[in-house]
Amino acid sequence: MEPLPVVGARAVDRHLLVVFGATGDLYRQKLAPALYHLVWQYQMSDRFLILGVARSQMDDEGFKSLTRASVEGISPRQTQLGEPYADPAEWCDQVLYYQSIADGGPEAFDALRRRIERIEAAHGLGGNRIFYLALPPSALGPTVEALGASGLTHSAGWTRLVVEKPFGVDLESAVGLNAMLHGCFDEPQIYRIDHYLGKATVQNLLVFRLANPLFESVWNRDRIDNVQITVAESVGIGSRAGYYDRSGALRDMVQNHLTQLLSLVGMEPPVSFDAEAIRDEKVKVLQSIRPISPDDVVLGQYAPGRVNGRRVAGYLDEKGVSSGSNTPTYAALRVFIDSWRWQGVPFYLRTGKRLGGRLTQIAVTFREPPVALFKSFERSRHQGNVLYFKLQPHEGFDLFFDVQKPSGTPQLDTKSLAFAYEEAFGILPDAYETLLYDVMTGDRTLFVRSDEAEEAWRLYTPVLEAGINPYPYQAGSWGPQEAERLLSPRGHEWTVRLPGNGNPGV
């Protein structure tokens, strides 16, 4: 396999990627395939080596076999230079190493340090290191402290640390976690990864707004009536009961994914398009959010029902869930941003498991005309002007507007202008490909800063402490009926753009 040239505006320094938790599901299902795609999409076959680290006893050949099984079945995409993908076995043989840390004690980390130094010296990597912690929360602190104690955080090159969510479980734990991280790493070295921010459609929210004056000029309280952010899953908790029953929908989805989307929709234009300027504006949005009252929150827990025509169990019947658990699997919130741009505009957030479909979308509903000139017209499926950002599936956006329908009597109909990413650009890269590439190039734009994580927890910790009981909802529905009370005082309704439907629907 001949080395291919680095192409594109951002070159990647040669480095060693050290993955802790390299025998786990995250590495096998997400990281390994993303790295395999990434190497060929950006022609980086000679840019980095991978050292897998875990407690399991395994040698280099075993790790190569594990990784090869993870990438052999994936479908190659067209690369920038039209080059074919490497044979998985050949790629694994050239870039992969493995080191067991057994009990994770000081001697194990000393051995890890020596192994890293040998690999770097043999391949001339210059001491550039990425430590990716694909670990459960309980293992995060001990691993970071062991890295610091072993001297691995200091080298002749640069060092970067990638931390998976959750970033704490409440405000106190988030502050403690950041203090622990800062004891071994400087903030610019830390990349807190939220895979939602790696989606091309999420990144395009800013481009859509700021590169198109048509939309930025109406992106305010004078023209927008309400904003709804929905992250719906049709699946249950699967094998995650051990984690999920301690976390619930607020910790698992709202504090991170939905709040990230909220901040991107609500932020002011940054002074420049660099990482710190964008992250500054996101933090300002969180600081401007009005304290969330228990009256602004409805929680739910799925009961037995039917999803896609199949009978499914309720949450309390899932394997590993505590008897009588009060953990919410659904959360709906009404949020206000007290700023000049958004004063008085409600943002409705909704997420849940075992809902009526799988989708992530943002619905921006514009105000009705101040004078109803066409009130005498008949209306067919009238919804007004709604802009839907479809983040998954079928990524793109739809803008709904009214037209006069040719008929014997004046009649309004709602139609849409639609854009689909896959039709325009082909298959989009996986979020982990985007984020891994950003870590390799040192771009922190799409990663969560310490003050951003703490501000998010500052918002939701009082809600968690309020002890709000969840309402039951039937699996396959769109959540408990009680969630309607968040919208009804203003005459609003929950709305989603369902795949295959010609018009918005609930």
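The pair Glu455-Arg458 meets the salt-bridge criterion, with a side-chain N (NZ, NE, NH1 or NH2) lying under 4.0 Å from an Asp/Glu carboxylate O. Using a 4.0 Å cut-off between charged nitrogen and carboxylate oxygen, Asp60 and Arg115 count as a salt-bridge pair. Using a 4.0 Å cut-off between a side-chain N of Lys or Arg and a carboxylate O of Asp or Glu, Asp280 and Arg449 qualify as a salt bridge. Here Glu318 does not pair with Arg240 in a salt bridge; the nearest charged N to carboxylate O distance is not below 4.0 Å. Between Asp59 and Lys64 there is no salt bridge, since no side-chain N of the basic residue sits under 4.0 Å from a carboxylate O of the acidic one.
Shown here are the side-chain hydrogen bond (donor to acceptor under 3.5 Å, both in side chains) partners of Arg290, two or more places apart in sequence or in another chain: Asp338. In terms of the salt bridge (charged side-chain N to carboxylate O under 4.0 Å, His left out) criterion, Glu454 has no residue partners (sequence neighbours excluded). Residues forming a side-chain hydrogen bond (donor to acceptor under 3.5 Å, both in side chains) with Arg279 (at least two apart in sequence, or on another chain): Glu276.
Ring pair His15/Phe48 is parallel by interplanar angle, where below 30° counts as parallel and above 60° as perpendicular. The aromatic rings of Phe20 and Phe131 lie tilted to each other, with the angle between the two planes from 30° to 60°.
Listed by first and then second residue, the salt bridge (Lys or Arg N to Asp or Glu O under 4.0 Å) pairs that reach into residues 123-152 are Glu120-Arg129, sequence neighbours excluded. For residues 130-144, every residue pair satisfying the side-chain hydrogen bond (donor to acceptor under 3.5 Å, both in side chains) rule, not counting sequence neighbours, is listed here: Tyr132-Glu164.
Each of Leu250, Leu171, Val169 was scored for a side-chain contact (heavy atoms from CB on, under 4.5 Å) with Leu464, with one residue passing: Leu250.
A donor-acceptor contact closer than 3.5 angstrom links the side chains of Gln57 and Ser100. There is no side-chain donor-acceptor pair under 3.5 Å between Thr159 and Gln189.
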Q: Check step by step if salt bridge (charged side-chain N to carboxylate O under 4.0 Å, His left out) holds for Glu187 and Arg192.
A: CA-CA 10 Å; Glu187 179 62 26; Arg192 298 172 187 82; 2.8 Å; yes
**Q.** Verdict with supporting geometry, Asp274 and Ser272, side chain to side chain donor-acceptor pair (under 3.5 Å)
**A.** CA-CA 6 Å; Asp274 66 30; Ser272 65; 3.0 Å; yes
Q) Which is it for Tyr473 and Thr329 under the side chain to side chain donor-acceptor pair (under 3.5 Å) test, yes or no, and what are the steps along the way? A) CA-CA 10 Å; Tyr473 64 94; Thr329 62; 2.9 Å; yes
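Between Phe63 and Tyr27, a ring centre-to-centre spacing shorter than 6.0 Å is recorded.
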If you look only at distance, which donor and acceptor atoms sit under 3.5 Å apart when one is on a side chain in residues 281-289 and the other is two or more places apart or in another chain?
from   : atom 1 : to     : atom 2 : distance (Å)
Glu281 : OE2    : Lys284 : NZ     : 3.3
Lys282 : NZ     : Gln260 : OE1    : 2.7
Lys282 : NZ     : Glu452 : OE2    : 3.1
Ser288 : OG     : Lys284 : O      : 2.8

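Within the 4.5 Å cutoff, the side chain of Leu152 has heavy atoms near those of the Arg113 side chain. Leu261 is not listed as a side-chain neighbour of Leu349, based on a closest heavy-atom distance of 4.5 Å or more.
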